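Since the structure is predicted, the reported quantities are computational estimates derived from the model, not experimental observations. Labels below follow one simple rule: chain letters A, B, ... track the order of the sequence lines, proteins then strands, and each chain is numbered from 1.
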Number of protein chains: 2
Amino acid sequence: MKLQQLRYLNEVARQDLNITSAADALYTSQPGVSKQIQLFEEEIGLQVFLRNGKRLTGITEPGEQILSLAAKVMHQIDNIKRVGDEFSNIETGTLTIATTHTQARYKLPAVVKAFMTAYPHVKLNIHQGNPSQVAEQVAKGDADVGIATEYISDFENLLCLPCYEWNRCVVVPHGHPLLLDGALTLEKLAAYPLITYDFGYTGGSLVSKTFSEAGVSPNVVLTAIDADVIKTYVTLGLGVGLLANMAYDPERDSNLAMVDVSHLFPNSTTYLGVRKDAFLRGYMYGFIELMAPKFNRKAVNEALKISGTSSL
Amino acid sequence: MKLQQLRYLNEVARQDLNITSAADALYTSQPGVSKQIQLFEEEIGLQVFLRNGKRLTGITEPGEQILSLAAKVMHQIDNIKRVGDEFSNIETGTLTIATTHTQARYKLPAVVKAFMTAYPHVKLNIHQGNPSQVAEQVAKGDADVGIATEYISDFENLLCLPCYEWNRCVVVPHGHPLLLDGALTLEKLAAYPLITYDFGYTGGSLVSKTFSEAGVSPNVVLTAIDADVIKTYVTLGLGVGLLANMAYDPERDSNLAMVDVSHLFPNSTTYLGVRKDAFLRGYMYGFIELMAPKFNRKAVNEALKISGTSSL
DNA sequence: CAACGTTACGCTCTTCGTAAAGATG
DNA sequence: CATCTTTACGAAGAGCGTAACGTTG
């Protein structure tokens with residue numbers, strides 16, 4: 001059995017059982033991939049892939065398990081390489097962050113700036129997606145850390161660290177009747193067309209839950225994943241915007257008025273997630289600490305130790 | 001990076017940094033191992049082993065991490081092979097049990113007999129050791145399951161399933177004064193020379209704890225890991241034997257009298273341990289169920305799911 | 001000087017890429 | 001007939017074993 005074979009298997013599974021595109025992705029020849037997979041299946045003594053004649057049509061039951069194990073092996077091989085990088089090229093490498101739009105746009109800039117100053121030789125990638133995509137990317141090892149609200153703890157092999165709590169505000173054009181009508185309630189809010197986050201995005205489901213538990217039906221006329229989009233439509237007079245506190249900037253958004261509604265909704269917690277079995281580079285600990293100061297290197301290791309089987 | 005290199009690294013570490021004996025154990029040439037380790041270190045960009053000139057004298061700090069990861073990789077490679085075996089040669093293979101003498105001698109025979117009838121093509125190995133050796137063998141993957149009392153749950157990556165509870169009895173030659181003196185107490189027991197298990201073995205530490213909590217000092221004149229040895233010395237009149245209930249067989253041990261002392265000591269629980277990240281062959285589930293009937297395949301998988309990161 | 005690790009070298013087996021052939025839908 | 005996989009073959013390369021050399025204690 002060769003590592004190459006496991007790598008090939010993985011990539012074929014990734015590429016929807018298309019050997020040709022797997023070969024392309026691996027920068028090698030297609031017959032080579034085909035051959036190694038045959039050799040692997042011969043050595044193991046069973047088929048990983050179901051075939052209809054020559055086409056791959058599916059994955060066998062044992063194949064599923066083998067692919068899952070192969071993915072773990074490849075991940076640990078990556079970890080081994082990282083150990084090398086960590087100890088030789090101190091503080092150079094890549095940090096891939098998966099996060100939602102809200103975090104990327106309003107919370108991360110300050111953190112990223114501090115990070116880039118502290119680790120100028122680390123290349124940064126930011127992947128954007130909804131919370132479950134964020135979690136999935138981290139779980140698969142496509143991202144080193146994920147930052148999102150809710151959902152992220154669904155995956156068994158992720159360690160979730162609470163970073164900070166936040167709440168919501170309402171934005172309206174200046175002179176809007178809501179501004180004149182005393183303290184805001186869910187009922188008053190529901191009287192106006194509402195523009196807010198997609199459910200399934202940053203704290204979206206918590207909002208709908210709060211409304212429904214209060215027996216109030218909000219009139220959501222438009223949803224977006226993007227606070228800037230929401231503000232744009234509010235500016236056009238299409239409705240009242242409900243978004244994260246941190247997404248309102250008094251200077252930049254001077255054409256809108258803001259009303260805090262923390263008293264109407266429970267706080268949402270933003271979590272940072274890492275794979276329990278990942279080898280964390282020094283600068284990754286650094287990033288985590290910038291994001292959630294109480295989680296220094298020691299605290300993260302402690303959390304990893306408690307949570308998982310990971311016996312690094 | 002090659003799997004072979006990881007295998008070599010592992011074996012060298014196992015053989016106390018002796019490349020020559022590692023090569024022997026791997027049935028290959030010594031220069032080959034030497035070369036591959038050099039190539040690996042070159043590729044990774046750091047040394048795994050500390051050298052004094054040409055001798056290996058230790059493991060570097062990153063080396064420790066790499067070796068740990070390499071061990072995991074090799075274990076998962078074994079798992080992959082097992083998947084193959086499981087689905088092709090149904091119910092043939094090997095089951096290695098690590099356990100203490102008491103279990104092997106008094107509890108396992110019935111289970112093993114049933115197992116061999118159910119899975120006649122599975123080869124059985126029984127490794128004997130003290131409870132911490134048992135746990136270590138399972139943790140390292142040298143044994144598939146471990147059976148012992150206490151201690152076994154110290155390892156992070158072991159799943160422990162409670163099998164059954166048991167308690168102790170006292171054995172003495174017929175006509176011994178203890179038999180005439182009414183209900184037994186710790187004090188009365190302490191008045192006679194005591195022969196019992198090594199502390200650190202089957203429930204031994206629980207016995208000493210019970211005595212010390214009662215403020216009683218037992219007069220332990222001889223300890224052994226082996227109930228048969230204990231009984232032999234009791235027969236010779238050297239003292240009173242304190243051993244596991246199940247170790248007294250009224251027929252075979254007709255030359256000794258037995259007094260139950262369950263009321264003096266708390267029950268001990270015997271656990272069965274498996275690695276959380278092991279791929280369990282069908283017959284291994286079978287063995288576990290024979291040993292602890294409430295843990296059928298489904299229950300074991302459930303326990304694995306709850307306990308670990310293991311996302312098979 | 002005995003035990004151990006590294007270097008040197010030649011052989012063999014593997015792997016990889018190109019080209020061609022065979023299947024599938 | 002376009003797409004995809006397998007087979008065939010030759011060249012390049014990697015791994016292994018023997019033998020010789022260099023070090024360590």
Mind checking if [X] touches a base, just sugar-phosphate, or nothing, with heavy atoms under 4.0 Å?
X        : result
Leu17(A) : sugar-phosphate
Lys35(A) : nothing
Thr20(B) : sugar-phosphate
Gly32(B) : nothing

Item checked: Residue met sooner reading DNA chain C from 5', once Pro31(A) and Lys54(B) are mapped to nucleotides -> Lys54(B)

Phosphate oxygens OP1/OP2 of [N]: is one of them under 4.0 Å from a side-chain N or O of [X]?
X        : N       : result
Gln30(B) : dT6(C)  : no
Gln5(A)  : dT15(C) : no
Asn52(A) : dA23(C) : no
Tyr8(B)  : dC16(D) : yes

To the nearest Å, give me how far apart [atom1] ([X]) and [atom2] ([N]) are.
X        : N       : atom1 : atom2 : value
Gln4(B)  : dC13(C) : CD    : C1'   : 13 Å
Ile37(A) : dT15(C) : CD1   : P     : 14 Å
Asp24(A) : dT5(D)  : CG    : C1'   : 14 Å

Notebook entry, point to check: Is the gap between the ring centers of Phe115(A) and Tyr119(A) under 6.0 Å?
Noted result: yes

Notebook entry, point to check: Within a strict 4.5 Å, meaning less than it, do heavy atoms of the Arg281(A) and Glu86(A) side chains meet?
Noted result: yes

Check: Would you say the side chain of Val83(B) lies within less than 4.5 Å of the side chain of Ile44(A), judging by non-hydrogen atoms?
Finding: no

Margin query: Between Glu91(B) and His121(B), does the side chain to side chain contact (heavy atoms under 4.5 Å, CB included) criterion hold? Intermediate values first, please.
Written below: CA-CA 7 Å; Glu91(B) 293 180 355; His121(B) 299 293; 6.0 Å; no

Notebook entry, point to check: dT24(C) base to Arg55(A) side chain: any donor-acceptor pair below 3.5 Å?
Noted result: yes

